[in-house]
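Each remark here refers to the structure printed beneath this line.
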Amino acid sequence: MKQLPKTYDPKQVESRIYRYWMDGNWFHAERDPEKTPFTIVIPPPNVTGQLDLGHAFDETIQDVLTRWKRMSGYCALWLPGCDHAGIATQIKVEEELRREGLTRFDLGREKFLERVWDWKEHYGDRIVEQLKTLGSSCDWQRQRFTMDEQCARAVREAFCSLYEKGLIYRGKRIINWCPHCTTALSDAEVEYVEKSGFFWHIRYPLADGSGSVEVATTRPETMLADAAVAVNPQDERYRHLIGKTCILPLVGREIPIVADEHADMEFGTGCVKITPCHDPNDFEVGQRHGLPQYLMLDGEGRITGGYKWDGMDRYEARKAIVEELEEGGYLASIEPCVHNVGTCYRCHSDVEPLASDQWFVKMQPLAAEAIRVVEEGDVKFVPDRFAKTYLNWMYNCRDWCISRQLWWGHQIPVWYCQDCGHMTVSRQDAAECEKCHSRNIRRDPDVLDTWFSSALWPFSTLGWPDKTEDLAYFYPTDVLVTGYDIIFFWVARMIFSACEHTGQYPFRTVLIHGLIRDPHGKKMSKSAGNGVDPMEVIEKYGADALRFNIITGNSPGNDMRFFPERCEAMRNFANKLWNASRFVMMNLTVEDNRLPETLELEDRWILSKFNALAREVGENLEKYELGIAAQKIYDFIWDSYCDWYIELTKTRLNGEDPAAREQAERVLLYVLTETLKLLHPFMPFITEEIYQALPHQGTALMVQPYPGWRAELDFAQEEASFEEVMEMIRAIRSRRSEMNVPPARKTRLFIVTDDGGAFEAGRDYLRRLAYASEVTVSRLAPDGAEGMAGVVTRSARCFMPMSELVDLDQERERLNREIEKNRGFLENQRRKLANTNFVSRAPESVVRAERERAEKLEVLLANLEASLKQLG
RNA sequence: GGGAGCAUAGCUCAGCUGGUUAGAGCACAUGCCUUACAAGCAUGGGGUCACAGGUUCAAGUCCUGUUGUUCCCACCA
């Protein structure tokens, strides 16, 4: 018989996992309804060289689902990484270049991309290794990164087809510009941060010399690009100014005063400077009034446009301009204020809204279908409150800016003719202008937003735009798992892209989880240095412990704080399971795990408990309540199996009767094996290791069917009557503890009950677990009971002859307290049952349960009173 | 300004569609090295389930409001 090593060493256990894999390979999805009717979409790791806990969370949840489905006779399809590795890598490479005193322009497009690619490959391998360590059973051999041909074709197809339908356009709009990344950003990529700043109130003199208007701004440098001043048409104060002009200080430009609803009469002075190129609202105002557009910032946030501050950084220029305004007497006042500043979600520099020629996706037509599939329930969010978040965004989203002035990414498939100006949008690389056939064409240098290609993921990875067998079989997919922080970035975009390109929703269920935070509840971030590397945790406690920690103790969609101590508790649990398994193996003589022909009461009890567990765990998993399922398995293993059942079997295992011994072994082995199956998705390493050491059928635990409820294991009656014995054992232990009786001191037990069956059967266990030397079960109290220590449960009384330890007065007092307490309960119970409303309106099962409870209480009270009477 | 989450034991959190006397881990107290496990066993202390109303036979759970707190979206000249 195989044995496990004496001590549980996660490192050793977890290094062995690959041995058990089917065919020694990572799992490959097959097109076979028996094996793969379930498809999970998983996000690729955002490659930055190390896996963080956020990914550990993602990965673990996905892996639990996959393993569970696979064990249920299903398989899961993993759609591994296609695309997302590039962005973080590009930033790394740019930083590296900067340290060398270079920019990407010095390197040139080709060389730069090569360098990014090298980094990315390097990261990719590391991530794969790290995920394996965590236990992810994903098929990483199918890994494809961004630039692979399939993905590029899909992106081009999507772009061109949207363009042909008029859903993509190029135009000048206000976009968010990151001067650090020197690129446009989409609205979703801007994070607003509260910063303290100032309102600068500036006076613009009227051109006719009749006074001035006062405007306020938080960005005074943008005055260089002012094209007008607006007042509200309803505003009596300024009605006389409409149509006049004023002189822009420092610049000397004469600008009109226009009437526009945008000016809020209640806010500030009621006059607002209009800077069409640097503010979205002002842009609209500019359009309405046909104002000229002046641009005063270049791509790196420096002043431009022929001013004396040209080339100066935006913040230095702000200082200089304010100073000069003050000197010129134009500065009316400075008022401190707190305002939201948009920052780049990657580099956290302040973004500048500015007018720029970019490519946009027209959102309104796309959103309509994306709203429908969620509202009509084709796509479900779990928990469903996130559907609201999603819908709210969908209803209000503006056109999506998809062009980026970066080099890493899918280059936009558009060629501009230098001769006739025509735009050629093409699936193939264009050699000439499609209109005038000039070969003097230039490709748009910009690339697409990474999320544009990510949005195609559920189908592009299956071969779209080709009509592949994979696509026909696996699409639409079943579940997408991700954190709530990328609902807008990714989930929303996958949904509308899927609807548009494939005419179908991309997945049926979106399982949203929370974020892992540090012990103080702060978001983990690399810059704050409070991030936790899962590899360190795994090193210390093991991947199983980390997985179990992450999966339990929080509810779906809620954030969780990460405490290493909790990992320790989970490691202890693994250790407990390890030792219990060792115990079983040490005692094992049988070679197969069939159940015995006959069963003892406690066997039926544990089998019945296990059966209920299997049913509940299945139900919880179906509802994606992974934490609850895991918690139930934990409780069953620790409490029911280890603390009770194993202790109970020791009598038979150490006894003389070989038949009884084998019987106990078989039940121990059966329940252990089945429980390992239930636990496997949550703790894949240790369960597989133990399973391999036990007598078993088939290759690996991970491909065994997942247990469910079975009628032949349902022993509700026996379960309940054994619980009575357990109750008695607990009561006796408690009583002994109160009286400070050391375990070594055994006593006789006299059990007094009308229903002796369970206690007769449990005699040996009372002896073992309740420290009894001898157990007598009868209907009548023993002689001399009045001097014994007594214990009362709902089904029986028990007397222990330890008169020297019993203080009769204390005993009486204790019994009186008990009686009083239980009378209270009974009265409550009776009141409830006397209430005709309750009896008539509550469901029958509830009423029956309450009746039974009342009956039990009555018996208990009778027992207590009998004991009290006996004391005299 | 709009929306959402959270508020339960000293700490961190469970508690699914309302139905026993509200649970776990950690921490705390007491007693045990009982040959699977001291990373353990047994026993125990500890909670007006934020507050105020309401619905119901029945509320930690559902509804309304209040307070505190966190987050998302929008606006902010």
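All of these numbers come straight from a predicted model, not from anything done at the bench. Throughout, a chain's letter reflects where its sequence line sits, starting with A, and its residues are numbered from 1.
- In this structure, the nucleotide among B:A36, B:G5, B:U12 sitting nearest to the side chain of A:Arg385 is B:G5.
- When heavy atoms are screened at a 4.0 angstrom cut-off, A:Tyr634 is found touching the sugar-phosphate backbone but no base atom.
- A:Thr218 comes within 4.0 angstrom of the backbone, heavy atoms only, and of no base.
- Distances from the side chain of A:Asn740 to the nucleotides B:U30, B:A42, B:C72 place B:U30 closest.
- Each of A:Ala569 and A:His339 has a nearest nucleotide on RNA chain B; the 5'-most of these lies closest to A:Ala569.
- A:Asp282 places its CG atom 13 Å from the P atom of B:C75, with the value rounded to the nearest Å.
- For the P atoms, the distance from B:C6 to B:A42 is 34 Å, rounded to whole Å.
- Comparing the C1' positions of B:U20 and B:G40 gives a spacing of 31 Å, expressed to the nearest Å.
- Across all strands shown, B:G40 pairs with B:C32; the Watson-Crick or G-U wobble distances both stay below 3.5 Å.
- The residue A:Cys337 sits apart from the nucleic acid: no heavy atom pair falls under 4.0 Å.
- Regarding A:Phe548, its CZ atom lies at a distance of 13 Å from the P atom of B:G25, rounded to whole Å.
- When the C1' atom of B:A39 is taken as reference, atom CG of A:Asn549 falls 16 Å away, rounded to whole Å.
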> Can you check side chain to side chain donor-acceptor pair (under 3.5 Å) on A:Asn176 and A:Asp187, steps first, answer last?
Replying inline: CA-CA 7 Å; A:Asn176 307 288; A:Asp187 293 342; 3.1 Å; yes
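- Using atom C1' as the reference point in both B:C11 and B:A27, the two lie 8 Å apart (nearest Å).
- Salt bridge status for A:Glu820 with A:Arg817: absent, with no side-chain N to carboxylate O gap under 4.0 Å.
- Of the candidate nucleotides B:A36, B:C41, B:U43, B:A36 has the atom nearest to the side chain of A:Arg582.
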>> Strictly under 4.0 angstrom, non-hydrogen atoms only: write out the protein contact profile of nucleotides 14-23 of chain B, one letter per nucleotide from the 5' end, B, S or -.
In response: SSB--BBB--
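- When side chains are defined from C-beta on, A:Tyr634 does not count as touching A:Thr552, because their heavy atoms never get closer than 4.5 Å.
- For A:Asn575, the side-chain atoms get nearest to B:C37 when compared with the rest of B:G25, B:C72, B:C37.
- Across the strands present, B:C62 finds its partner in B:G54; the criterion is a Watson-Crick or G-U wobble pair with both atom distances under 3.5 angstrom.
- Both A:Val839 and A:Asp643 lie close to RNA chain B; mapped to their nearest nucleotides by heavy-atom distance, the more 5′-ward contact belongs to A:Asp643.
- Look at the C1' atom in both B:U8 and B:G15: the space between them is 9 Å, to the nearest Å.
- For A:Lys650, taking side-chain heavy atoms from C-beta onward, the closest of the listed nucleotides B:A36, B:C76, B:A39 is B:A36.
- Using N1 to N3 plus N6-O4 or O6-N4 for Watson-Crick, or N1-O2 and O6-N3 for G-U wobble, each under 3.5 Å, B:C26 pairs with B:G10.
- A:Asn396 has no side-chain polar atom (N or O) that falls below the 4.0 Å cut-off from OP1 or OP2 of B:A74.
- Comparing B:C75, B:C72, B:A42 by their closest approach to the side chain of A:Asn340 singles out B:C75.
- Atom CZ of A:Arg385 has more than 12 heavy atoms from other residues, nucleotides or ligands within 6.0 Å.
- Listed pair A:Arg561 / B:C13 meets the phosphate criterion, a side-chain N or O lying under 4.0 Å from OP1 or OP2.
- Between the CZ atom of A:Arg203 and the OH atom of A:Tyr330 there is a distance of 10.5 Å, given to the nearest 0.5 Å.
- Under a 4.0 Å N-O distance rule, the pair A:Arg830/A:Glu858 qualifies as a salt bridge.
- Using Watson-Crick or G-U wobble geometry with both donor-acceptor distances under 3.5 Å, B:G18 finds no partner in any strand shown.
- Taking side-chain N and O atoms only, A:Trp393 has no distance below 4.0 Å to OP1 or OP2 of B:G3.
- A:Arg517 has its CZ atom 11 Å from the P atom of B:C13, to the nearest Å.
- Using a cut-off of 4.0 Å between Lys/Arg side-chain N and Asp/Glu carboxylate O, A:Arg735 and A:Glu738 are scored as salt-bridged.
- The nearest whole Å value for the distance from the CE atom in A:Met394 to the P atom in B:C73 is 15 Å.
- Ranking B:C41, B:A39, B:C76 by closeness to the A:Trp638 side chain, first place goes to B:C41.
- What separates CD1 of A:Ile646 from P of B:G40 is a distance of 15 Å, to the nearest Å.
- When both distances must be under 3.5 Å, the Watson-Crick or G-U wobble mate of B:U69 is B:G5.
- Heavy-atom neighbours of A:Lys523 NZ from other residues, nucleotides or ligands within 6.0 Å: at or below the threshold of 12.
- Atom C1' of B:A9 sits at a distance of 13 Å from the matching atom of B:A14, rounded to the whole Å.
- Within the model, atoms CZ of A:Arg219 and CG of A:Asp279 stand 6.0 Å from one another, a figure rounded to the nearest 0.5 Å.
- Between A:Glu665 and A:Arg661 there is a salt bridge, with a side-chain nitrogen of the basic residue lying less than 4.0 Å from a carboxylate oxygen of the acidic one.
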